[in-house]
Amino acid sequence: MLGKLPSPLKGAVNCVALASNTIALCPPLFGLALLKVPPVKPLQKVCTLGCIKIAETWIAINSAVLATTQNTQYHLTGDLDNIKYDGWYMVVSNHQSWADIFILQKIFNKHAPFLKFFLKDELIYVPMIGLAWWALDFPFMKRYSKEFLAKHPELKGKDLETTRKACEKFKHTPVSIMNFLEGTRFTPEKHDRQQSPYKNLLKPKSAGMAYALNIMNERIDTLVDVTIYYPDGRPSFWQFMCGTAKNIEIHIQTCDIPTDVKVGDYENDAEFRKNFQTWVNHIWQQKDQRLEKMKQAAHQVLEFKKVS
């Protein structure tokens, strides 16, 4: 019944439900997060698991509401069954919309360890959600330009130190460390400004991922490569809430992470950095080709419908 509502009304219902779900579950989440402050490791581990269960409940409710109001078809292919809830994973994905996050949470919730995203530091100020991310140990990264670091060399390496501290916490509880390697959402304008060598992607940024793998090398052996494609066009957050994305294609590919890229000094070892970037670029070339095939297949379906 809710699926037949006009699109703007669907969007309003979903936004209200999302806000209500957040308001209801944040107080117990914050309470457990405060109990983690004392340096008592058994208590911290129990509270961390409790926080994750609350977050998984939040995701499950959001996904159920969206399933009720939307007629979106999720076309999932690949290796989801190879991923175990009690493992440790490095997850990478292309990034086109805020909808990406809801999609990743929906498909991985309770199938994989809870996703932890690397976030821009200013997102901690988002009302309630910012504090929720903090409570769930999401790492907040402050990015500095080369020009800024040239004027303030004392800040060099601060973002990597933040990564190290976050990853130390991840060693004790199974986790999926999520990286949008492009660092920002894809737009044609950004693509042209970068002069990206990829047709459908921005250039990948490797440093944070390399540093995380170096710290977590004894835990993380598997890369989970996610490719998201919107045949109906990239939706904004509001358009996604309104259910305008009728079809969403998600491909999941898992592979072993080569030993020679797991451990090394990305910042100071030029050879290791080159090898790591070569490995990431190869992954990105394959993803670009996969996206192009998805686009061509969607175009053929559209042409077939026109003829029919």
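- Of all heavy-atom pairs spanning P113 and S176, the tightest one is O-OG, 3.0 Å.
- A side-chain donor-acceptor contact under 3.5 Å links N94 to the backbone of I228.
- Taking CE of M90 as the reference point, atom CG of L213 lies at 4.0 Å (rounded to 0.5 Å).
- The environment of NZ in K190 is crowded: more than 12 heavy-atom neighbours from other residues, nucleotides or ligands sit within 6.0 Å.
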> For S206 and W284, what are the C-alpha separation, side-chain angles and deciding distance, and is it a side chain to side chain contact (heavy atoms under 4.5 Å, CB included)?
Replying inline: CA-CA 11 Å; S206 306; W284 234 234; over 6 Å; no
>> Set out, in order, the CA-CA distance, both residues' side-chain angles and the distance that settles side chain to side chain contact (heavy atoms under 4.5 Å, CB included) for I220 and F170, then state yes or no.
In response: CA-CA 10 Å; I220 296 179; F170 298 163; over 6 Å; no
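- Between V175 and W88 the shortest side-chain heavy-atom distance falls below 4.5 Å.
- Formation of a donor-acceptor pair under 3.5 Å by the D232 side chain with backbone atoms of A245 is not found in this model.
- Between the NE2 atom in H251 and the CG atom in D79 there is a gap of 6.5 Å [rounded to 0.5 Å].
- Residue Y266 comes nearest to A210 through the heavy atom pair CD1-CB, 3.5 Å, listed as atom of the first residue, atom of the second, then distance.
- Linking Ile, Leu, Val, Met, Phe, Trp and Tyr whenever their side-chain heavy atoms come within less than 4.5 Å leaves L34 and F138 in two separate clusters.
- We find the CD-CE distance between Q289 and M294 to be 13.0 Å, quoted to the nearest 0.5 Å.
- No hydrogens or angles considered: nothing links the side chains of T69 and K10 as a donor-acceptor pair under 3.5 Å.
- With sequence neighbours left out, the ring pair (Phe, Tyr, Trp, His ring centres under 6.0 Å) criterion links H191 to F186.
- The aromatic rings of F180 and H95 lie parallel to each other, with less than 30° between the two planes, well short of the 60° mark.
- The closest side-chain heavy-atom distance from M216 to K171 is below 4.5 Å.
- When all heavy atoms are compared, the tightest approach of Y85 to A112 is CD1-O, 3.4 Å.
- Within a 6.0 Å sphere centred on CH2 of W98, heavy atoms belonging to other residues, nucleotides or ligands number 12 at most.
- Remark: E122 CD is packed, more than 12 non-hydrogen atoms of other residues, nucleotides or ligands lying under 6.0 Å away.
- The aromatic rings of F276 and W279 lie perpendicular to each other, with more than 60° between the two planes, well past the 30° mark.
- Sequence neighbours left out, not one pair with a member in residues 101-117 passes side-chain hydrogen bond (donor to acceptor under 3.5 Å, both in side chains).
- When atom types are taken as modelled, the side chain of Q73 and the backbone of K246 share no donor-acceptor pair closer than 3.5 angstrom.
- No path of Ile, Leu, Val, Met, Phe, Trp and Tyr side chains, each step under 4.5 Å between heavy atoms, connects L49 with L29, placing them in separate hydrophobic clusters.
- I177 has its side chain out of reach of R219: every pair of non-hydrogen atoms, C-beta onward, lies at least 4.5 Å apart.
- Taking all atoms of both residues into account, the shortest heavy-atom contact from R290 to T227 is NH1-OG1, 3.0 Å.
- In this structure, E218 places its CD atom where more than 12 heavy-atom neighbours from other residues, nucleotides or ligands lie under 6.0 Å away.
- Dense packing is recorded around NZ of K262, with more than 12 heavy atoms of other residues, nucleotides or ligands lying under 6.0 Å away.
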> side chain to side chain donor-acceptor pair (under 3.5 Å) between E292 and N200: does it pass, once the steps are laid out?
Replying inline: CA-CA 7 Å; E292 192 61 25; N200 306 286; 3.1 Å; yes
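- The closest side-chain heavy-atom distance from I83 to Y89 is below 4.5 Å.
- At distances below 3.5 Å, not a single donor-acceptor pair connects side-chain atoms of N62 with backbone N or O atoms of L18.
- Looking only at side-chain heavy atoms (C-beta outward), M241 and F102 come within less than 4.5 Å of each other.
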> Can you list the steps and then say if R273 with D269 is a side chain to side chain contact (heavy atoms under 4.5 Å, CB included)?
Replying inline: CA-CA 6 Å; R273 182 166 60 250; D269 186 336; over 6 Å; no
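- Side chains of M209 and L223 form a contact here, defined as non-hydrogen atoms less than 4.5 Å apart.
- Taking CG of L201 as the reference point, atom CD of Q285 lies at 10.5 Å (rounded to 0.5 Å).
- Note: I283 CD1 to T278 OG1 = 11.0 Å, rounded to the nearest 0.5 Å.
- Residue pairs that meet the salt bridge (charged side-chain N to carboxylate O under 4.0 Å, His left out) test with at least one member in residues 36-50, sequence neighbours left out, are K36-D137.
- At least one donor-acceptor pair closer than 3.5 Å links the side chain of D100 to the backbone N or O of S97.
- Across every non-hydrogen atom of Q239 and R234, the tightest pair is OE1-O, 3.9 Å.
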> For T173 and F114, what are the C-alpha separation, side-chain angles and deciding distance, and is it a side chain to side chain contact (heavy atoms under 4.5 Å, CB included)?
Replying inline: CA-CA 10 Å; T173 306; F114 185 67; over 6 Å; no
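- Neither M128 nor L32 shares a network with the other; the hydrophobic side chains, linked directly or stepwise wherever heavy atoms of I, L, V, M, F, W or Y lie under 4.5 Å apart, form separate groups for each.
- I103 and F117 fall within a single hydrophobic cluster, where Ile, Leu, Val, Met, Phe, Trp and Tyr are joined by side-chain heavy atoms under 4.5 Å apart, directly or via other members.
- Residues Y198 and P204 meet the side-chain proximity criterion, which asks for heavy atoms closer than 4.5 Å.
- Clustering ILVMFWY residues whenever any of their side-chain heavy atoms sit less than 4.5 angstrom apart, transitively, puts I61 in a cluster other than the one holding V16.
- Residue Y229 holds its OH atom at 12.5 Å from CD1 of I248, rounded to the nearest 0.5 Å.
- With contacts defined as side-chain heavy-atom distances shorter than 4.5 Å, the pair L66/F240 qualifies.
- Summarising the geometry of M178 relative to S93, their closest heavy-atom pair is CE-CB, 3.4 Å, with the distance given to 0.1 Å.
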